[in-house]
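The structure presented is a predicted model; accordingly, all values stated were derived computationally and were not measured.
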Amino acid sequence: MLTAYLYLVLSSIFLCAMSLLRKQYQRISESYFSVLVFVFLSNAAMAVIGNIAAAFQGFAFYGQTDGAVLGIAAAYAAVSFASTFISVKGTKYGNVSVLIMFANLGQLVISSVYGLIFDAQNNSFGAMTVFGYVTAAAIMVLSLFAKKKGEDASEKKNGKIFFLLCAVLFLFNGAALPLCSLMTRLRPQYGSSNFLTLSSMFGTAIGAIATLAALPSKKAPGLVRRGIVARGGLIVLYAGACFVSNLLAVLCTTLLPIVVQAPLSFSISMIVLMLFDFLIYKEKPTKINALQIALAVACNVFFAL
């Protein structure tokens, strides 16, 4: 059990590092195309990392891959790709702590629903669960009122875009942990790092298709080359942090029930992220943002009880 908690703490720290690296990338690369390049190359880097690790095992996992593994890995790659894209682009429109709060809240709520449906014997639906869902809904509704004094039409539009991104991120990021849990239940013998390597390969393919589809003209090759040179360090750091964080999260699903893992991961990552967000970027949450964060902590408690 102590090992599981250690994995959770380390996973949350790497998760926060990923959030800060995404924000830094957004600050120097605002175009949608450059964000697609970031997600594509970070998946490619993770696939390389995973295959290097697999090489020491003789690539044995390829022979164990079947249809179920391929399907879950592809689904995990799709939701991870969308979540990463939104997490990078979303920092342009609002507070990174609030954005990640929605991502983690989606993981918390959807994991609870998954546990109630597919693991009913270890999960129960009671008053605390109802309070958890109501609190989660209240947090999302408050985003509609999170406006600042004196903001112009452009800022109001950004606020609406930010709310939409938060809602989509809630759904996509929320699906990631249940997919990991489903993988460990259906194919417990399949290594966690092997699963992440396979999903990163799917993510690379998705990224390549999306990047090619978004090529902005004949200048695209030059833009890609400059992007790799100028931002390659951020991409490599992000890929390493993402691979380790995801690996620890998948390993935790073999040690802790998903309805225990999700609330603990939520709490730890929120505390660490808000601290680093303030220390590095000096971002202070608005009063409504602060209320949302307080409600998020309460929501976490409700689901944990």
Side-chain angles (χ1 to χ4, degrees), residues 1-27 38-39 42-43 45-46 49-50 53 76 79-80 83-84 86-88 90-91 95-108 111 169 173-174 176-177 179-181 184 192-193 195-197 199-200 203 233-285 289 293 296-297 299-301 303-304:
M1 188 66 70
L2 183 61
T3 301
Y5 292 136
L6 177 61
Y7 285 167
L8 275 178
V9 172
L10 291 175
S11 177
S12 297
I13 291 174
F14 279 104
L15 186 65
C16 292
M18 289 163 55
S19 301
L20 297 175
L21 288 168
R22 285 194 298 258
K23 180 163 186 173
Q24 184 60 30
Y25 187 88
Q26 171 60 33
R27 287 185 167 217
F38 172 83
V39 185
S42 60
N43 270 283
M46 284 189 286
I49 292 171
Y76 184 82
V79 299
S80 296
S83 296
T84 303
I86 294 172
S87 296
V88 176
T91 58
N95 188 291
V96 64
S97 295
V98 176
L99 189 71
I100 302 306
M101 176 191 68
F102 271 87
N104 291 340
L105 196 59
Q107 188 176 86
L108 180 62
S111 293
L169 186 59
N173 197 69
L177 194 57
L179 285 171
C180 291
S181 178
T184 56
S192 300
S193 62
F195 171 71
L196 292 176
T197 299
S199 64
S200 296
L234 284 175
I235 293 172
V236 173
L237 286 173
Y238 178 83
C242 186
F243 192 89
V244 174
S245 179
N246 289 343
L247 177 60
L248 292 170
V250 175
L251 287 172
C252 265
T253 61
T254 65
L255 302 173
L256 287 175
I258 192 172
V259 291
V260 174
Q261 179 182 350
L264 288 175
S265 177
F266 176 85
S267 297
I268 296 169
S269 59
M270 279 300 300
I271 293 170
V272 176
L273 179 60
M274 283 189 291
L275 176 62
F276 278 90
D277 197 27
F278 175 74
L279 292 175
I280 297 175
Y281 295 107
K282 307 299 180 184
E283 285 199 10
K284 296 180 180 179
N289 290 158
I293 292 169
V297 174
C299 181
N300 171 71
V301 173
F303 278 112

> By side chain to side chain contact (heavy atoms under 4.5 Å, CB included), which residues pair with Ile49, not counting sequence neighbours?
Replying inline: Phe243
> Excluding sequence neighbours, so at least two apart, what forms side chain to side chain contact (heavy atoms under 4.5 Å, CB included) with Ala17?
Replying inline: none
Which atom names give the shortest non-hydrogen contact between [X] and [Y], and what distance separates them?
X      : Y      : answer
Ser245 : Met18  : CB-SD, 3.9 Å
Ser193 : Leu247 : N-CD1, 3.5 Å
Ala239 : Ser42  : CB-O, 3.5 Å
Leu248 : Ser11  : CD1-N, 3.6 Å
Cys180 : Val250 : SG-CG2, 3.5 Å
Leu177 : Ser111 : CD2-OG, 3.7 Å

> From Ile235 CD1 over to Met46 CE, what is the distance, rounded to the nearest 0.5 angstrom?
Replying inline: 11.5 Å
> Would you say Leu196 and Tyr76 make side-chain contact, with heavy atoms under 4.5 Å?
Replying inline: yes
> Taking only residues two or more places apart in sequence or in another chain, which ones pass ring pair (Phe, Tyr, Trp, His ring centres under 6.0 Å) with Tyr238?
Replying inline: Phe38
